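Heads up: the structure comes next, in structure tokens.
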Amino acid sequence: MPEEDFVEVKFRLYDGSDIGPFKYSPGSTVAQLKERIVAEWPKDKKIAPKAVSDIKLINAGKILENSKTVGQCQMPFGELQKAIITMHVVVQPSVTKTKSEN
């Protein structure tokens, strides 16, 4: 695949720091991006995801679905299309549900 077909994405964390940028093919899924985030998460952060399900990615004000591809998430910006895309990362740890006893 030619170099210009790749999309550069960086991930903005809750404290304003970034992970990346990394290059992805337009066919990469949001789930694959989340796997990379979990693997690259800085060890010094107080809040950290334990699994892909703990992460929500937001791009252009929309929460991205795991099945969507990077190509589907891209916004056409004319000449700015080759710029690095910044996606915001929200960490929401899974809450274990307890059964109410009656």
Side-chain angles (χ1 to χ4, degrees):
M1 182 175 280
E3 183 72 19
E4 63 269 6
D5 288 347
F6 283 88
V7 178
E8 280 194 279
V9 180
K10 69 179 175 180
F11 305 102
R12 178 76 33 97
L13 306 182
Y14 61 89
D15 63 356
S17 63
D18 293 331
I19 298 175
F22 303 111
K23 291 185 180 184
Y24 295 96
S25 74
S28 299
T29 64
V30 171
Q32 291 171 319
L33 273 61
K34 289 180 177 183
E35 289 171 8
R36 180 80 180 259
I37 292 168
V38 171
E40 300 284 337
W41 195 268
K43 304 296 181 218
D44 62 339
K45 302 290 181 202
K46 290 181 183 178
I47 300 171
K50 293 185 175 106
V52 170
S53 60
D54 293 347
I55 298 174
K56 293 193 185 314
L57 282 181
I58 301 172
N59 185 39
K62 294 182 181 180
I63 297 174
L64 305 179
E65 299 172 29
N66 288 344
S67 60
K68 296 283 186 186
T69 65
V70 172
Q72 292 171 318
C73 298
Q74 268 187 290
M75 299 291 292
F77 290 115
E79 292 180 21
L80 296 177
Q81 193 170 6
K82 298 300 177 194
I84 297 173
I85 297 169
T86 301
M87 294 186 182
H88 294 266
V89 180
V90 176
V91 178
Q92 185 175 7
S94 304
V95 178
T96 55
K97 295 180 181 179
T98 59
K99 294 181 181 179
S100 58
E101 296 179 26
N102 294 333

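None of these values were measured; they are calculated from a predicted model.
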Check side-chain contact (heavy atoms from CB on, under 4.5 Å) between A48 and all other residues, then give those that pass, not counting sequence neighbours.
-> W41
Considering only heavy atoms from C-beta outward, does the side chain of N66 approach that of T29 to under 4.5 Å?
-> no
Check I47 against Y14 and note the closest heavy-atom contact, atom names and distance.
-> N-OH, 3.4 Å
Do you know the tightest heavy-atom contact between I84 and P21?
-> CD1-CG, 3.9 Å
With sequence neighbours excluded, residues passing salt bridge (Lys or Arg N to Asp or Glu O under 4.0 Å) with E40 = R36
Taking side chain to side chain donor-acceptor pair (under 3.5 Å) as the test, write out the residues that go with D15, two or more places apart.
-> S17, K45
The residue among N59, T69, L57 that forms side-chain contact (heavy atoms from CB on, under 4.5 Å) with V30 is L57
Would you call I19 and P42 a side-chain contact if the rule is heavy atoms closer than 4.5 Å?
-> yes
Not counting sequence neighbours, which residues clear salt bridge (Lys or Arg N to Asp or Glu O under 4.0 Å) with K10? List them please.
-> D18
Minimum heavy-atom distance between V7 and P26, given as atom pair plus value = CG2-CG, 4.4 Å
Partner set under side-chain contact (heavy atoms from CB on, under 4.5 Å) for K56, not counting sequence neighbours = I63, V90, Q92
Mind checking side chain to side chain donor-acceptor pair (under 3.5 Å) for T86 and listing every partner two or more places apart, or none if nothing turns up?
-> none
Tell me, please, which residues at least two apart from S28 pass side-chain contact (heavy atoms from CB on, under 4.5 Å).
-> Y24, S25, Q32, L33, V70
